Amino acid sequence: MLLKTSSILILVVSVLAHMELIEPCPRYSSKCATKPAPPPGETIDYNLNTPIGSNGNVLQPFCKHTTPWLQVTETWTAGQPATVQFAPGGATHSGGHCEFSLSYDGGKTYVVVHQELRYCFYTAAPNSGGVDSVRSYTFNLPSNLPGTDHAIFAWTWVNAVGNREFYNNCGDVAINGSAGSYTGKKVTIANYGAEYPVIPEFLGNYNTGVSYYTTNVTQITITGNGYNGSS
Ligand SMILES: *[C@@H]1O[C@H](CO)[C@@H](O)[C@H](O)[C@H]1NC(C)=O
Ligand SMILES: *[C@@H]1O[C@H](CO)[C@@H](O)[C@H](O)[C@H]1NC(C)=O
């Protein structure tokens with residue numbers, strides 16, 4: 001009887017979609033508002049909601065797709081609000097740790113510009129009454145973020161409950177700002193092969209793995225040539 005119940009649960013989990021970025025438009029999205037044509041040789045990806053790492057295995061490269069959109073899909077301005085949105089519904093795996101990051105060097109390094117730790121997609125931790133309703137985050141970009149005509153935006157997520165997975169989608173944005181540099185936290189990668197730490201299931205403790213995001217971290221400096229939104 002126990003076996004039967006758990007196999008039904010597994011079936012239910014596997015048919016639910018996971019989470020999927022829709023803004024900034026992730027590479028080869030079928031769901032984002034702008035829906036650019038994929039670059040030559042690439043096709044629409046209808047599986048953007050699957051993890052790139054699971055139970056110690058690397059399933060896909062970081063970003064899923066390493067060829068950028070032919071053009072950036074939006075321009076953000078240093079020091080101003082930026083909005084990140086996810087497709088409605090989806091399986092939120094009781095929350096977990098999300099980061100929003102930018103790469104100024106074509107994907108070699110990513111600096112974090114915003115964190116939603118512990119209960120990403122929820123209004124509070126689910127075991128404190130949090131509701132699974134958050135699909136949009138608006139935050140201020142650092143005021144000293146340098147401008148660039150192309151940065152890679154990366155959303156990363158370690159889920160609270162379920163198989164130990166690492167989720168990631170990437171888009172392509174411009175940053176309106178002065179030339180300069182910015183020092184911040186390097187993106188946290190976990191549950192993504194032997195090179196990276198494993199963050200276990202939270203089992204109700206929403207501080208699980210938080211040290212990899214707050215204290216046991218690496219600072220990096222990125223530089224940009226400056227961009228004013230038009231040239
Ligand atoms: C910091 O993280 C690394 C893996 O990234 C781990 O090997 C090390 O044990 C951690 N250190 C502490 C103090 O938690
Ligand atoms: C770029 O930023 C400047 C200064 O904040 C602003 O006046 C301008 O409208 C921005 N341009 C674009 C295209 O966002």
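Just so you know, ligand 1 is whichever comes first in the structure, and atom 1 is the first atom listed for that ligand. Computed from a predicted structure; not experimentally measured.
The contact set between ligand 2 and G229, taken as ligand atoms under 4.0 Å from a residue heavy atom, comprises 13 (C). Applying the 4.0 Å criterion to heavy atoms of N176 picks out, from ligand 2, the atoms 1 (C), 2 (O), 3 (C), 8 (C), 10 (C), 11 (N), 12 (C), 14 (O).
Classification of the Y28-H65 ring pair by plane angle, with boundaries at 30° and 60°, yields tilted. Between H18 and Y167, the ring-plane angle classifies as tilted under the 30° and 60° cut-offs. Below 30°, between 30° and 60°, or above 60°: for Y137 and F121 the angle between ring planes is between 30° and 60°, a tilted geometry.
Ring centers of H93 and F202: at least 6.0 Å apart, outside the cut-off. Between W155 and F86, the ring center distance clears the sub-6.0 Å criterion.
A donor-acceptor contact shorter than 3.5 Å is absent between the side chain of N216 and the backbone of S211.
For F62, the ring pair (Phe, Tyr, Trp, His ring centres under 6.0 Å) partners are Y110, not counting sequence neighbours.
Sorted by chain then number, the residues whose non-hydrogen atoms approach ligand 1 to under 4.0 Å are P197, Y212, N216.
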